Structures are given as structure tokens and as C-alpha cells.
Amino acid sequence: QVQLEESGGGLVQPGGSLRLSCAGRGFTSDYYAIGWFRQAPGKEREGVSCISRSDGSTYYANSVLGRFTISRDNAKNTVSLQMNSLKPEDTAVYYCAVGGGHPTEVHRLCTLLTSTDFGSWGQGTQVTVSS
């Protein structure tokens with residue numbers, strides 16, 4: 001079972017930037033999809049971005065495309081989410097999650113970014129965008 005821990009959340013003004021990190025352990029292969037999700041109060045959890053642990057392919061929700069950048073460092077078992085031009089509507093608890101384990105699954109998981117497809121989750125980190 002992969003274990004995950006997020007860090008880097010906080011309070012930032014609109015237009016500002018934050019960088020989230022997800023540290024993982026327990027990976028048994030490279031064929032994982034590592035996703036970032038967020039959940040705002042009263043709303044469903046939504047997929048934000050995803051990266052393939054094996055080849056680094058990246059995927060983004062339309063709402064963050066051009067503002068957020070996901071990256072990985074397999075040597076350190078970390079995935080980062082650089083968030084720029086933040087908006088109040090980006091306020092949420094952000095979670096990293098892992099799914100897959102087989103080569104044929106990663107593209108599908110990252111394309112769909114459906115939370116129920118991801119089996120391991122971190123505890124979440126709060127991001128608040130407010131003036």
C-alpha cells in the first residue's frame with residue numbers, strides 16, 4: 001500500500017502562487033498515476049492534475065490549465081503541484097492520490113481523473129486564496 005503525505009498549503013492572495021508537495025513511499029512499480037484532487041466545502045471532490053510516474057506524461061483539468069504545473073522526482077518519491085495565478089475559486093483542501101500499478105491503466109486514470117479509481121490518498125492540505 002502506497003502512503004502519501006501532502007505539504008505546502010496555506011493562505012495566499014489572489015494572483016499569488018503556492019507549491020504543493022506530495023511525498024510517497026511504498027511504490028512497488030513505476031506504473032502509477034499520481035493525481036491531485038481538491039474539495040471545496042459543499043462541493044464534490046474534483047480532479048485537478050495527474051502525472052504518470054513512469055514517463056512523466058501530464059494531464060490537467062481545464063480549470064487549471066496554463067496556471068498549474070505538475071512534476072515528479074522519482075528519486076525522491078515526490079510529486080509537486082506549482083500553482084500560479086491563484087483565484088478565490090481555487091480555495092479547497094488539496095489531496096494527492098495514487099492509482100494504477102499496471103502500464104495499461106495510467107493513461108486512463110489520468111485522463112478521467114475519477115477519484116474512485118485512486119486507491120491511496122494523503123490526508124490533504126488546505127489552500128485558501130483570499131485578500
Side-chain angles (χ1 to χ4, degrees):
Q1 177 100 10
V2 177
Q3 295 177 313
L4 304 167
E5 183 172 2
E6 303 94 339
S7 61
L11 173 65
V12 64
Q13 292 186 342
S17 298
L18 278 176
R19 186 176 181 87
L20 305 183
S21 292
C22 175
R25 56 177 179 165
F27 293 106
T28 58
S29 82
D30 279 342
Y31 298 109
Y32 288 103
I34 304 172
W36 282 98
F37 294 79
R38 65 187 181 187
Q39 188 164 20
K43 295 188 176 181
E44 293 187 356
R45 189 168 296 187
E46 65 167 337
V48 173
S49 184
C50 188
I51 190 166
S52 165
R53 177 175 165 84
S54 61
D55 66 11
S57 298
T58 58
Y59 305 76
Y60 298 95
N62 288 336
S63 58
V64 305
L65 189 62
R67 299 189 298 124
F68 290 12
T69 302
I70 191 170
S71 60
R72 81 198 196 294
D73 184 338
N74 287 354
K76 296 181 180 179
N77 285 331
T78 59
V79 171
S80 297
L81 186 69
Q82 177 67 41
M83 305 186 296
N84 298 329
S85 302
L86 283 162
K87 305 174 182 180
E89 51 264 43
D90 294 317
T91 296
V93 178
Y94 282 70
Y95 301 88
C96 66
V98 168
H102 299 281
T104 58
E105 292 184 279
V106 173
H107 177 68
R108 181 183 67 83
L109 264 62
C110 277
T111 299
L112 297 179
L113 270 179
T114 302
S115 61
T116 52
D117 285 335
F118 289 73
S120 297
W121 292 79
Q123 82 288 350
T125 185
Q126 176 70 46
V127 171
T128 303
V129 185
S130 175
S131 54

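Everything quoted here is computed from the prediction, not taken from an experiment. One-based numbering along the sequence shown.
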Under 3.5 Å donor-acceptor, T111 side chain and R108 backbone: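 Flag not set: sc T111 to bb R108 has no pair under 3.5 Å.
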
Same cluster (ILVMFWY, side-chain, under 4.5 Å), [X] and [Y]:
{"X": "L113", "Y": "V98", "answer": "no"}
{"X": "Y60", "Y": "V106", "answer": "no"}
{"X": "I51", "Y": "V64", "answer": "yes"}
{"X": "F118", "Y": "V2", "answer": "no"}

Listed once per pair and sorted, the disulfide (SG to SG under 2.5 Å) pairs that draw on residues 84-131, sequence neighbours left out: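 The answer is C22-C96, C50-C110.
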
Parallel, tilted or perpendicular: rings of Y59 and H107 (30°, 60°):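 Tilted, since the angle between the ring planes falls between 30° and 60°.
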
Mutual orientation of the aromatic rings belonging to F37 and W121 [parallel < 30°, tilted 30-60°, perpendicular > 60°]: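 Tilted: the ring planes of F37 and W121 meet at 30° to 60°.
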
Check: residues 10-21 side-chain donor-acceptor pairs under 3.5 Å, at least two apart:
residue: S17; atom: OG; partner: N84; partner atom: OD1; Å: 2.9
residue: R19; atom: NH1; partner: Q82; partner atom: OE1; Å: 3.2

Rounded to the nearest 0.5 Å, how far apart are [atom1] of [X] and [atom2] of [Y]?
{"X": "I70", "Y": "T58", "atom1": "CD1", "atom2": "OG1", "result": "7.5 Å"}
{"X": "Q39", "Y": "S115", "atom1": "CD", "atom2": "OG", "result": "8.5 Å"}
{"X": "R45", "Y": "T114", "atom1": "CZ", "atom2": "OG1", "result": "13.0 Å"}

With sequence neighbours excluded, what pairs up with [X] under the side chain to side chain contact (heavy atoms under 4.5 Å, CB included) test?
{"X": "Q3", "value": "R25"}
{"X": "K43", "value": "A40"}
{"X": "D90", "value": "R38, R67, F68, L86, K87, Y94, V129"}
{"X": "R53", "value": "F27, D30, Y32, I34, N74, N77"}

E44 atom CD: more than 12 heavy-atom contacts under 6.0 Å: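 No, because the 6.0 Å sphere around CD of E44 holds 12 heavy atoms or fewer from other groups.
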
Nearest heavy-atom neighbours spanning L109 and A33: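 Heavy-atom minimum between the residues: CB-CB, 3.9 Å.
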
Note, Y95 side chain near E6 side chain (heavy atom, < 4.5 Å):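 Contact flag for Y95/E6 side chains = yes.
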
Exercise: do S52 and S54 side chains pair donor with acceptor under 3.5 Å: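 Result is yes, a qualifying pair exists.
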
